[in-house]
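Here is how names work: the chains are called A, B, and so on, in the same order as the sequence lines, proteins then strands, and each is numbered from 1.
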2 protein chains.
Amino acid sequence: MFNVLNMSSVPDTGASGTGGDPGDLTARARIRDAAISRFAADGVAGTPVRAIAADAGVSAGLVIHHFGSKDALRVACDQHVAATIRDRKQAAAASGANLDPVAAMRDGAEGPPLLRYLARTLVDGSPHVAELVDELVEDAVGYMATGIETGMLKPVDDLRGCATVLTLWSLGSVVLHEHVQRLTGVDLTGDPAATGGWAVPASEILSKGILAEGLYDRLRAAFAVEDATSAPGGQT
Amino acid sequence: MFNVLNMSSVPDTGASGTGGDPGDLTARARIRDAAISRFAADGVAGTPVRAIAADAGVSAGLVIHHFGSKDALRVACDQHVAATIRDRKQAAAASGANLDPVAAMRDGAEGPPLLRYLARTLVDGSPHVAELVDELVEDAVGYMATGIETGMLKPVDDLRGCATVLTLWSLGSVVLHEHVQRLTGVDLTGDPAATGGWAVPASEILSKGILAEGLYDRLRAAFAVEDATSAPGGQT
DNA sequence: CAGGACATTAAACATCTGTACAGCTCCCCG
DNA sequence: CGGGGAGCTGTACAGATGTTTAATGTCCTG
């Protein structure tokens, strides 16, 4: 998220809700984690229950036994990922002046690939993840307000609008992490310390701005009139 | 794409390669278009061949007869979508000073939902679409260079880096169009004239910038040192 | 009109997929 | 000790799915 705001390294709070060695987990937890990994990599529709079971080292029947159905398993994954991300967010917020929630949810070395799961699910659609996105936007509104008071951010006309745009740009970058990596060599789901190739140009845009002065005013005026007929072609 | 650059409405050039009434199409073309729609909506793995066949008003066997396999059909869709978008890009570039390629590929009233297909495929991964993304970045580099000469854009330190970031932000927004719509009511895959709720805050950010002066320089300096150990937490 | 190439279909097939079931093992509680 | 319940497995099954095949129709060509 308007990530570039965060200038301090993330303390990698160990594992709040998900941690622990992979071997000593409950079978139920192993299944859940395996499902998250598979769903993240291949999508829900592209993942057979048997593959998840094999990854978790259990039988297919046990997956159903514990979760009732594949779809219920998916919901459980949604909820677990959302809850874990909320935990990390909160931990990061409590532990210091970390303004970048996305940085806090980066996948640790162990544990399931939360960010990649989130990226997939953002496209596949899920009520729980949609709710999480709404919260992230809400957080961004708060962070931006604080940042403006502090002087770290410039004041804006449309606080919620800007927070929404920045949040979705940030999440969108994660969703397209494959292309980010191909084009810049940076893995946005990995080590934050190695994201300079992406963070530096992003912050260049976000600090100086790139549009000439006046373009914004013209665009705003054009859309304010609100007669849609020959309104200006938008952004994307 | 740094869409906001485009200040002129898109002339909606009719159909370059895809047009025509839905009824008078070859069965092969109908199958392809039905597949694009289905793939865009439900993903490749989530779409049975029989569903595509039903949409196209043909038998499942004919789908295979024409394309060989479901996977080959997917490749054909990739190529067709990429080719059509290239056509529209070129037409838009030729027809006037349109700086926003994404605006040119918005889904027309008729024809398959190209943008939604692109959004899905950007996540599912496809060599052809990846190539297309590379081209879009390359285009953005050119457009930005022109814009800077013209004075429409401010000069930047890292031209290619900024072009990449802007292109992926823009594509990412389209990929997350569902969330954009839920949060702002704007459909980025639809009518460009009705995207004000998104375009205005986006252009506010892109014109004025939101980060306080100095943050960019500090971030750049921190990453320039390149000793990764305690580098600043990145953006997202 | 003969004949062949192509479009198209319905049915058949083998496989995969989600799920239900019956039974096994093992541990805890009385 | 013994009984019951939970974790877990292998098997069974019904339906879906990708693909094949043989047959039918259709159109163009010679």
Side-chain angles (χ1 to χ4, degrees), chain A residues 18 20-80 112 117 120-121 124-128, chain B residues 18 20-80 112 117 120-121 124-126:
Chain A
T18 2
D21 314 72
D24 64 351
L25 284 172
T26 308
R28 191 171 195 280
R30 257 181 302 138
I31 293 171
R32 194 213 322 109
D33 287 359
I36 291 174
S37 295
R38 281 282 185 172
F39 289 163
D42 306 326
V44 177
T47 304
V49 172
R50 284 168 171 83
I52 299 170
D55 287 359
V58 301
S59 72
L62 194 63
V63 176
I64 302 298
H65 172 73
H66 276 301
F67 294 91
S69 73
K70 183 187 179 183
D71 203 65
L73 170 61
R74 201 194 74 101
V75 172
C77 290
D78 283 356
Q79 289 176 324
H80 180 255
Y117 181 91
R120 272 279 180 181
T121 311
D124 285 358
S126 143
H128 301 94
Chain B
T18 1
D21 314 73
D24 65 350
L25 285 172
T26 308
R28 193 173 195 280
R30 255 180 305 138
I31 293 170
R32 194 214 320 110
D33 286 0
I36 291 174
S37 295
R38 282 281 185 172
F39 289 163
D42 306 326
V44 178
T47 304
V49 173
R50 285 169 171 82
I52 300 170
D55 287 359
V58 301
S59 72
L62 194 64
V63 175
I64 302 298
H65 172 72
H66 275 302
F67 293 92
S69 73
K70 184 188 178 182
D71 203 65
L73 169 61
R74 201 195 74 102
V75 171
C77 289
D78 282 356
Q79 290 177 323
H80 180 256
Y117 181 91
R120 272 280 180 179
T121 311
D124 285 358
S126 145

- Message: For a 4.5 angstrom cut-off between non-hydrogen side-chain atoms, does A/Val49 reach A/Leu73?
- Response: no
- Task: Look at B/Asp124 together with B/Arg120 and state whether they make a salt bridge at an N to O cut-off of under 4.0 Å.
- Result: no
- Message: Tell me if a side-chain donor or acceptor on B/Thr26 pairs with a main-chain N or O of B/Ala29 at a distance below 3.5 Å.
- Response: no
- Message: Quick one, B/Phe39 and B/Cys77 - any side-chain contact, counting heavy atoms below 4.5 Å?
- Response: yes
- Taking C-beta and beyond as the side chain, do B/Val44 and B/Lys70 meet within less than 4.5 Å on heavy atoms? yes
- Query: With a distance cut-off below 6.0 Å to the six-membered ring centre and an angular limit of 45° from the axis, does B/Arg28 pair with B/Phe67 as a cation-pi contact?
  - Reply: yes
Using the 3.5 Å cut-off, write out each protein N or O paired with an N or O of nucleotides 15-18 of chain C and the distance between them.
unit_1: C/dG18; atom_1: OP1; unit_2: A/Lys70; atom_2: NZ; d: 2.8
unit_1: C/dG18; atom_1: OP2; unit_2: A/Val49; atom_2: N; d: 2.8
unit_1: C/dG18; atom_1: N7; unit_2: A/Arg50; atom_2: NH1; d: 2.7
unit_1: C/dG18; atom_1: O6; unit_2: A/Arg50; atom_2: NH2; d: 2.9

- Task: Quickly work out the A/Ile31 CD1 to D/dT9 P distance and round it to whole Å.
- Result: 8 Å
Could you run down the sub-3.5 Å N/O contacts of the protein with nucleotides 6-8 of chain C?
unit_1: C/dT8; atom_1: OP2; unit_2: B/His66; atom_2: NE2; d: 3.2

- Hey, are the side chains of A/Ser126 and A/Arg74 touching, using non-hydrogen atoms and a 4.5 Å cut-off? yes
- Query: Short question: side chain of B/Arg30, backbone of B/Ala56 - any donor-acceptor pair under 3.5 Å?
  - Reply: yes
